[in-house]
Amino acid sequence: MEADMTSLSSLFKKEGLIEKHQLEGVDPSDRYFNRAILVNRTPSGYAAKVMYEALTVEGQSHSTISAAVKDLVEKLHPLGFSHLRTRANFKGTKYLAEKETWIDYQDPA
């Protein structure tokens, strides 16, 4: 019975990966790259994370997914990443077939 309750509670779990976004841009070595941004539901909203080679960058929790992704991009700029743009590729397990619009982020001056 306890195992049934555990599996049942996991069905109603609200936290965890909910979207994947594609991130493209230029890395600090002036090479073009693209990576997946993982957007997770947190107790206080949404947080985004990206892994690039040995670097993992995680943003703070925000009330919207777009704010979480923007926060992550803003953490990458001071590390030397530029010409960044993102778009949602998966909502849950649904592939969006690259139909979403790219969002371009201004490089800091």
Side-chain angles (χ1 to χ4, degrees):
M1 179 71 176
E2 190 173 316
D4 290 342
M5 291 303 290
T6 303
S7 60
L8 183 62
S9 66
S10 67
L11 287 174
F12 296 103
K13 185 178 176 187
K14 300 284 187 220
E15 296 176 32
L17 182 66
I18 59 163
E19 285 190 11
K20 289 183 185 178
H21 291 238
Q22 185 174 350
L23 168 69
E24 292 185 346
V26 177
D27 75 6
S29 301
D30 210 29
R31 297 176 299 180
Y32 170 81
F33 76 96
N34 77 59
R35 291 290 185 279
I37 293 175
L38 307 177
V39 178
N40 288 287
R41 185 167 306 172
T42 66
S44 58
Y46 305 94
K49 175 169 104 174
V50 68
M51 291 168 271
Y52 184 75
E53 297 176 357
L55 178 68
T56 299
V57 178
E58 295 186 56
Q60 300 296 314
S61 189
H62 290 272
S63 60
T64 65
I65 292 170
S66 59
V69 172
K70 183 176 187 240
D71 177 51
L72 183 70
V73 167
E74 290 171 351
K75 289 184 182 312
L76 291 169
H77 279 136
L79 300 174
F81 291 86
S82 62
H83 299 59
L84 300 174
R85 68 183 191 157
T86 65
R87 74 172 170 202
N89 274 357
F90 285 90
K91 287 188 187 282
T93 58
K94 182 181 178 195
Y95 177 56
L96 301 175
E98 300 179 353
K99 293 177 184 170
E100 296 294 305
T101 303
W102 284 103
I103 298 170
D104 293 294
Y105 298 90
Q106 186 82 23
D107 289 340

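All of these numbers come straight from a predicted model, not from anything done at the bench.
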Nearest 0.5 angstrom please: K20 NZ to L96 CG, how far? 12.0 Å
On a heavy-atom basis, which atom in L84 and which in L23 lie closest, and how many Å separate them? CD2-CD1, 4.1 Å
Taking all non-hydrogen atoms of both residues into account, name the closest pair between E19 and A88 and its distance. OE1-CB, 4.3 Å
With clusters defined by side-chain heavy atoms of hydrophobic residues (ILVMFWY) lying less than 4.5 Å apart, directly or transitively, does M51 cluster with F90? no
Heavy-atom pair of closest approach, residues S82 and H77: CA-CD2, 4.5 Å
Heavy-atom side-chain proximity of V50 to L76 below 4.5 angstrom: yes
Shortest non-hydrogen contact from K75 toward G59: CE-CA, 3.6 Å
Note, N89 side chain near E100 side chain (heavy atom, < 4.5 Å): no
Tell me if a side-chain donor or acceptor on D104 pairs with a main-chain N or O of R85 at a distance below 3.5 Å. no
After noting the C-alpha distance and the side-chain angles of R87 and E24, does the key distance pass the salt bridge (Lys or Arg N to Asp or Glu O under 4.0 Å) rule? CA-CA 9 Å; R87 74 172 170 202; E24 292 185 346; 5.7 Å; no
Does CD belonging to Q106 count more than 12 external heavy atoms closer than 6.0 Å? no
pair V57-L55: side-chain heavy atoms closer than 4.5 Å: yes
Of all heavy-atom pairs linking A48 and I37, the shortest is CB-CG2, 3.7 Å
For residues V39 and V73: do they belong to one hydrophobic cluster (side chain heavy atoms under 4.5 Å, members Ile, Leu, Val, Met, Phe, Trp, Tyr)? yes
Looking only at atom types and distance, does a side-chain atom of D27 sit under 3.5 Å from a main-chain N or O of F81, one as donor and one as acceptor? no
Under the side chain to side chain donor-acceptor pair (under 3.5 Å) criterion, do Q60 and D71 qualify, and how do the steps go? CA-CA 7 Å; Q60 300 296 314; D71 177 51; 5.6 Å; no
Run the side-chain contact (heavy atoms from CB on, under 4.5 Å) test on D107 and H83 for me, step by step, so that the C-alpha distance in whole Å, both residues' side-chain angles and the decisive distance to 0.1 Å come before the verdict. CA-CA 6 Å; D107 289 340; H83 299 59; 3.3 Å; yes
Could you tell me which non-hydrogen atom of G45 sits nearest to which non-hydrogen atom of S61, and how far apart they are? N-OG, 3.5 Å
Check whether any side-chain heavy atom of W102 lies under 4.5 Å from a side-chain heavy atom of Q22, and answer yes or no. yes
Side chain to side chain, Y46 and I18, heavy atoms closer than 4.5 Å: yes
Answer with yes or no whether the hydrophobic clustering places Y105 together with I65; edges join I, L, V, M, F, W, Y residues whose side-chain heavy atoms lie under 4.5 Å apart. yes
Side-chain touch K70/I103, heavy atoms, less than 4.5 angstrom: no
